[in-house]
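For ligands, and for the atoms within them, numbers begin at 1 and follow the listed sequence. Predicted model only: the values in this text are computed from it and were never measured. Every heavy atom of this structure was used, including side-chain atoms; hydrogens, water molecules and symmetry mates were not.
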Amino acid sequence: MSFYARLRAGWVADNPALTFRGTTLTYGDLIARVERAAGWLIGQGMSAGDVLMLQTPRSLAFLEVHLAALSLGVVTLPLNPAYTEAELAFYRADSGAKRAVLIGGGDVSAESLPAALAAAAPVSRSVSLPGSHPALLCYTSGTTGRPKGAVITHDNLTGTVLALHTAWRWSRSDVLLHALPLFHIHGLIVAQHGALYAGAATRWMERFEPADALEQMAESTVFMGVPTFYHRILALPPAITADLSGMRLLTSGSAPLPAQVHAALQARFGQRILERYGMTEAGIVLSNPYDGERRPGAVGFPLPGFSVRLVDAETGLVVSDGAVGEIQIQGPGVIPGYLNLPEQTAAAFCDGWLRSGDLARRDADGYIRIVGRAKDLIITGGLNVYPVEVERILLEHPAVSAVAVVGIPDEEWGERVVAAVIRAPDAEVVPDALIALARQHLAPYKCPRAVRLVDDFPRNAMGKVQKARLRAAWIA
Ligand code: AMP
């Protein structure tokens with residue numbers, strides 16, 4: 001069964017599916033549009049197994065074509081609108097895509113797509129596909145090294161969406177406020193497919209804008225964000241407020257949520273953010289409980305069907321509670337591998353467990369905390385420093401809005417810990433005060449040797465800080 005057939009099974013034709021730019025489509029409308037998009041795809045010569053590059057601004061056409069592709073077994077390769085020609089050329093060559101819908105170019109321009117879809121003859125064909133059939137090709141963020149195409153199967157989508165459906169209590173009466181990009185698993189699978197599987201309503205924002213989001217949250221039940229979103233909401237003047245008592249779920253992921261942000265959101269809006277952890281290659285793996293304590297600074301427990309072990313990098317042994325180990329994952333969201341990269345695929349697994357490259361420790365009562373990335377480790381004078389630990393301390397200073405700690409090369413120590421800091425609006429802080437704060441809480445070798453005030457960090461499309469670029473800028 002295609003994943004699309006699973007989605008459709010729960011749809012009520014007259015219920016609202018999607019509201020965007022003042023127009024609401026019912027599920028019945030959506031089905032009709034997906035059938036036209038299927039006709040268009042067939043007209044483009046696409047069939048099961050072919051890859052379609054899809055780069056559009058946020059648009060109904062994107063969702064229609066993607067859903068039609070799922071129904072036919074065509075593999076969607078969603079792309080960030082910000083990609084350069086060189087990046088697109090890489091993805092085309094690497095993926096072997098048969099057709100490319102691109103902004104301002106490609107075989108079909110994204111601008112002409114809506115008219116082409118409207119003119120297509122509808123096709124309602126149910127294609128029978130094995131669960132192992134690829135559904136999506138998602139290139140991993142590429143913050144390190146060459147981007148790799150993660151092959152996400154129909155079973156992977158089902159596994160991820162079903163686990164979250166139960167764990168987060170999705171229902172048909174939910175209203176999802178959606179502001180995340182659709183070209184990434186967070187916005188596409190976790191948020192959009194989560195809502196579609198439940199037969200719930202989705203409201204798209206054109207882009208995330210904090211005051212508008214707050215206003216719309218008052219009429220929604222679910223919101224999914226990256227920490228930057230919450231940060232920006234909290235930076236709004238206190239006079240801007242909203243009644244969020246009708247919301248039942250605000251989630252955060254893709255990057256660590258500072259415990260201070262969790263606390264501030266609760267204090268100001270009475271909402272406890274539910275933080276979860278996942279990655280393109282595995283779906284969502286760990287989540288704070290829906291009922292029970294949504295613990296700040298922790299990402300909770302394995303979702304139903306997922307298993308996690310924490311493994312010591314040197315010994316390869318599972319660590320005991322409280323010790324740091326790499327998160328390794330098994331579960332229905334774990335991809336079979338990277339496209340055409342058998343060696344990288346083999347290297348990504350250890351005895352059948354997916355290696356995440358993320359470091360975590362488990363509290364005595366089972367909650368897991370992310371403490372850094374294996375690649376994001378600073379070694380100074382032979383001692384390991386986890387940047388997240390230093391960042392958490394500096395974030396406690398009221399004048400600090402965001403912080404990124406990196407290691408820069410140092411003749412004597414190998415690496416030296418430094419911190420780039422974004423000040424809170426209108427706040428003043430001197431670097432020495434931050435170094436002093438770190439010294440109060442951390443062993444001296446972990447404390448930044450230098451602190452620089454910056455306006456922003458280099459970030460990737462998901463808002464994640466690109467530490468390699470930050471490091472390079474610091475040294476330059
Ligand atoms: P991506 O494949 O782009 O979704 O990136 C996955 C990576 O994002 C993970 O390997 C983590 O390093 C990071 N990540 C996701 N969720 C969290 C979280 N809640 N806390 C810290 N890091 C996270």
Side-chain angles (χ1 to χ4, degrees), residues 78-80 136-145 147-152 156 160 164 168 180-191 224-231 250-259 261-262 273-289 294-303 306 308 310 324-329 331 333-335 338 344 348 353-362 367-377 386-389 391-392 395 402-405 459-468:
L79 294 161
N80 185 336
L136 279 167
L137 192 55
C138 284
Y139 280 81
T140 50
S141 16
T143 36
T144 50
K148 303 181 289 265
V151 178
I152 298 174
N156 290 153
T160 294
L164 294 177
W168 291 352
L180 291 162
L182 286 164
F183 53 79
H184 185 270
I185 60 148
H186 192 171
L188 186 58
I189 304 178
V190 184
M224 299 191 180
V226 291
T228 312
F229 287 2
Y230 295 110
H231 223 100
L250 290 92
T251 70
S252 177
S254 289
L257 179 76
V261 172
H262 191 284
I273 300 173
L274 183 153
E275 185 173 5
R276 93 299 180 281
Y277 160 91
M279 60 191 296
T280 304
E281 292 90 332
I284 304 303
V285 179
L286 296 162
S287 169
N288 270 281
R294 299 179 184 177
R295 186 172 293 179
V299 290
F301 307 92
L303 282 158
F306 286 82
V308 155
L310 305 182
V324 172
E326 183 193 35
I327 297 181
Q328 299 191 354
I329 306 158
V334 175
I335 60 164
Y338 299 107
Q344 282 87 337
W353 293 78
L354 176 77
R355 306 188 51 175
S356 69
D358 293 306
L359 301 172
R361 68 163 71 97
R362 200 188 307 257
Y367 280 82
I368 291 178
R369 295 173 182 272
I370 312 289
V371 298
R373 301 202 73 178
K375 299 166 207 121
D376 195 10
L377 180 67
Y386 297 109
V388 171
E389 195 184 355
E391 288 163 2
R392 289 214 171 108
L395 275 169
V403 56
V405 168
R459 294 178 191 274
N460 71 8
M462 291 309 293
K464 204 171 289 175
V465 180
Q466 293 172 304
K467 292 209 165 168

Open item on the list: side chain to side chain donor-acceptor pair (under 3.5 Å), that's the test. Do T251 and W168 meet it? Break it down for me.
Closed with: CA-CA 10 Å; T251 70; W168 291 352; over 6 Å; no
Open item on the list: For a 4.5 angstrom cut-off between non-hydrogen side-chain atoms, does F306 reach I284?
Closed with: no
Open item on the list: Show me which atoms of ligand 1 lie under 4.0 Å from any heavy atom of E275.
Closed with: 18 (C), 19 (N), 20 (N)
Open item on the list: Counting only heavy atoms not in R355 (residues, nucleotides, ligands), do more than 12 fall under 6.0 Å from its CZ?
Closed with: no
Task: Contacting atoms of ligand 1, where contact means under 4.0 angstrom from a heavy atom of K464 - done: 1 (P), 3 (O), 5 (O), 6 (C), 7 (C), 8 (O)
Open item on the list: If the cut-off is 4.0 Å to any non-hydrogen atom of V299, which atoms of ligand 1 fall inside it?
Closed with: 19 (N)
- [ ] State which residues pass ring pair (Phe, Tyr, Trp, His ring centres under 6.0 Å) with F229; sequence neighbours excluded, sorted by chain then number.
- [x] F208
- [ ] Nearest heavy atom to atom 6 (C) of ligand 1 wins, so pick from R276, H184, M279.
- [x] M279
- [ ] Heavy-atom contacts with T280 under 4.0 Å: which atoms of ligand 1 show up? List them by number with element.
- [x] 1 (P), 2 (O), 3 (O), 4 (O)
TODO: Mind running side chain to side chain donor-acceptor pair (under 3.5 Å) on N288 and Y367 for me, showing each step along the way?
DONE: CA-CA 8 Å; N288 270 281; Y367 280 82; 4.9 Å; no
Task: Location of contacts on H186 toward ligand 1, heavy atoms closer than 4.0 Å - done: neither
Task: Verdict with reasoning, L274 to S252, per side-chain contact (heavy atoms from CB on, under 4.5 Å) - done: CA-CA 6 Å; L274 183 153; S252 177; over 6 Å; no
- [ ] With sequence neighbours excluded, tell me which residues meet side chain to side chain contact (heavy atoms under 4.5 Å, CB included) with A282.
- [x] M279, V285, I329, V334, L354
Open item on the list: Counting only nitrogen or oxygen atoms and a 3.5 angstrom limit, does S252 reach ligand 1?
Closed with: no
Task: Atom indices of ligand 1 within 4.0 angstrom of P256 heavy atoms, with elements - done: 20 (N), 21 (C), 22 (N)
Open item on the list: I'd like to know if T140 contacts ligand 1, where contact means a heavy-atom distance under 4.0 Å to any ligand atom.
Closed with: no
